[in-house]
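Naming: A, B, ... by sequence-line order, numbering from 1 per chain.
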Number of protein chains: 2
Amino acid sequence: MNKKTRVTSYDVAHAAGVSQSAVSRVYRPGVSVSKKTREKVIKAAEDLGYKPNAIARMLINRSTGMVAVIISSRANVNFPEVLAQLNKHIAVKNKRVLLFTLDDADQLEMVMEQIFAYQVDGVIALTAHFEPDSVTQFAKHNIPVVLYNRELPDHSVSSVCCNHDQGLRMLVDILVSHHHQHFLIMAGPKDSDVARARLNGARNALLAHGFTDTTVIYGDYSYDSARECLSAYAQKNPLPTAIICSNDSMAIGAIDEIRQNLGLRVPEDISVVGFDGISASCWHSYQLTTVSQPTYFMTKAAVETLINLIENPEVPPETRYWPGKLIEGNSVAAAPRDDD
Amino acid sequence: MNKKTRVTSYDVAHAAGVSQSAVSRVYRPGVSVSKKTREKVIKAAEDLGYKPNAIARMLINRSTGMVAVIISSRANVNFPEVLAQLNKHIAVKNKRVLLFTLDDADQLEMVMEQIFAYQVDGVIALTAHFEPDSVTQFAKHNIPVVLYNRELPDHSVSSVCCNHDQGLRMLVDILVSHHHQHFLIMAGPKDSDVARARLNGARNALLAHGFTDTTVIYGDYSYDSARECLSAYAQKNPLPTAIICSNDSMAIGAIDEIRQNLGLRVPEDISVVGFDGISASCWHSYQLTTVSQPTYFMTKAAVETLINLIENPEVPPETRYWPGKLIEGNSVAAAPRDDD
DNA sequence: ATGAAAGCGCTAACAC
DNA sequence: GTGTTAGCGCTTTCAT
């Protein structure tokens, strides 16, 4: 009943009448111990309520079994799903997730210190504000890093990405094949890499069809921001026939704004496309045409890439791209007659 | 450039020409060191790329600064938000979240072993399959536990809960005041505590108005399950005038099913209420009448309760209830004329 | 197969 | 204010 001090392998050794190293051996996989001592030790351990201390083990093994996952709290809405899946895949590999939030660039230093201090086996970064310099620092300390949906050209890091360009090409192709000519791009927050990638993807896809200088309005990935920025835009500008939104939440916000406040129909008057394939995108009221990210495969790949890097530090970094999958809903129709 | 061995405080001490403990002092808050040595140490540390090793520190301090958060992956849809907020509050307290997933009862043993091994400072459990026995075990090892939205009567644990009874009373009162008499309860998964609490809350609230034996159908908290179970029910039974759903996702599924496949209107023909106050609940197409959980306050309270328990092990466990907040949308209307 | 002894990298008395 | 010393609880040679 001593509450101050915890039960150690010495206590167990004493109670079992064996040496401390015997106890240690019992709790290590692939070490030979005689049946007799093993039983004595197990018995004593149970009586005393002994649990091996992983912290002490880490100090010697130089491996904590922990993977730092860095997220930003106001990221794209599908991040929670990504986090849950990463966690499961990491658990399968018998490691644990240590969570870090990075919202502002000025927290970077502190978060990095923490991550180093905790001696994690590797890092998966889902966040912006993770600059080339951070990557270099991790490399210097031999901590493997995998970026999720973020590329750092010329800074050899492994990354796992959805091919946003290809996804937006599919979406734009559909709009163009429906004879749309007047577009509006609703982009995500300017400091998000994914948002930037999708914006560029949309621009390039439009360019490929000869549409230059498409107007861009900026939301923050949220439903409300979409309604606000579309409303503001509509008050001073002629409406497009198609809106390309950088994620599904904003696309749904745009649809509601069009229907409720602009008094128009989707898709008859205005077509809307999104990105992500969140569950709400196929709800009956929206039936969004969008591109879904293969989250399951991407998260699995991220974890496997990281584990591989941890076990074989010499393998070169690789970038793996996954194509998005087009989901044709009911939010795109032929462009209304053009009155130009 | 030695990659095998990391730099320790001894290396820094050697380079700076001071003792190892001098280095240690520089990296500990509230310890006095002369400006001169501090500078020498900092300089040497930067040159060598020294980072204090938190693992070694933990071994002595008996505090890892880690809090285990146990989630189940197929939990209610608002858990990701809860997790993100818990993480932020924990970070503010200068601790870190170590994530564990507990999906099946038979993983319990393993997860418990892990949590013990990692010597976490405390545990926040958001999961089912967390039996009284688990609580007892943690108590035996003096590891503070806080349950989130889960009560274990007679097993003194601290918990932070939304008052589901009160929330459902508000919802039922609204339906009754709109003259509804024919109800249907759409409950969540049977192995979820929250779902059970909400089911009981609905039953009791109806009972208080004299409605007994209300029919219950079971979904799994998801949009799709709501559509399926409502569709199956509607094929063989007369429809109610009001459906009480155990969460918003199912309420939205019910609304879509009613509108699209049953050919009826919400709220004119059938009223629907939900629970949670997820962001989609106020989207224009649904405008759900629901009760929102004060997630911010609940997560904050959970963390504060835990920290308090960590710092003062003698404080008695407490259960804190938070009332839900009624959000009146546009999914409830007067009951259609009763033809009985 | 088992025990003794030497650390892993740090903190915390204790002298000076 | 600084250095010395003794651990924290374990793993890992090295003898036996």
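Considering only side-chain N and O atoms, B:Ser24 lies under 4.0 angstrom from the phosphate OP1 or OP2 of C:dT11. Checking the phosphate oxygens (OP1, OP2) of C:dC10, a side-chain nitrogen or oxygen of B:Ser9 falls inside 4.0 Å. One finds a side-chain N or O of A:Thr37 lying less than 4.0 angstrom from the OP1 or OP2 phosphate oxygen of C:dT2. Dashed line: the shortest gap from a side-chain N or O of A:Arg28 to OP1 or OP2 of D:dT12 is under 4.0 Å. Residue A:Thr8 has no polar side-chain atom (N or O) positioned under 4.0 Å from OP1 or OP2 of D:dG9. An OP1 or OP2 oxygen of C:dA12 is reached within less than 4.0 angstrom by a side-chain nitrogen or oxygen of B:Asn61.
Regarding B:Tyr10, its OH atom lies at a distance of 9 Å from the P atom of C:dC10, rounded to whole Å. Taking atom CZ of residue B:Arg25 and atom C1' of nucleotide C:dC14, one finds them 11 Å apart after rounding to whole Å. Regarding A:Asn53, its CG atom lies at a distance of 7 Å from the P atom of D:dG9, rounded to whole Å. One interatomic measurement links the two molecules: NE2 of A:His14 to C1' of D:dC10, which rounds to 19 Å at whole-angstrom precision. The nearest whole Å value for the distance from the NZ atom in A:Lys51 to the C1' atom in D:dG9 is 17 Å. Between the C1' atom of C:dC10 and the CG atom of B:Asp11 lies a distance of 13 Å, rounded to the nearest Å. Per the geometry, OH belonging to B:Tyr118 stands 15 Å off P belonging to D:dC10, to the nearest Å. If you take CD1 of A:Ile55 and P of D:dT11, they are 13 Å apart, rounded to a whole angstrom.
Side-chain N or O atoms of B:Asp121 include one that pairs as donor or acceptor with a backbone N or O of B:Gly65 at under 3.5 Å. Proximity of a side-chain donor or acceptor of A:Thr299 to a complementary backbone N or O of A:Gln85 within less than 3.5 Å is not detected. The main-chain N or O of B:Asp103 is never found under 3.5 Å from a side-chain atom of B:Ser72 such that the two would form a donor-acceptor pair.
Aromatic ring centres of B:His141 and A:Tyr50 lie farther apart than the 6.0 Å criterion allows.
Between A:Phe138 and A:Phe116, the ring planes lie tilted relative to each other; the angle falls in the 30° to 60° range.
Candidate nucleotides C:dT11, D:dG9, D:dT11 were compared by shortest atom distance to the side chain of A:Arg57, and D:dT11 ranks first. The side chain of A:Arg62 approaches C:dG9 more closely than any other nucleotide in the set D:dG3, D:dT12, C:dG9.
The residue among B:Arg38 and B:Ile60 whose nearest nucleotide of DNA chain D is located toward the 5' end is B:Arg38. Two residues, A:Gln20 and A:Ser32, neighbour DNA chain C, and the one matched to the more 5' nucleotide by heavy-atom proximity is A:Ser32.
No donor-acceptor contact under 3.5 Å links the side chain of B:Ser34 to the base of D:dT2.
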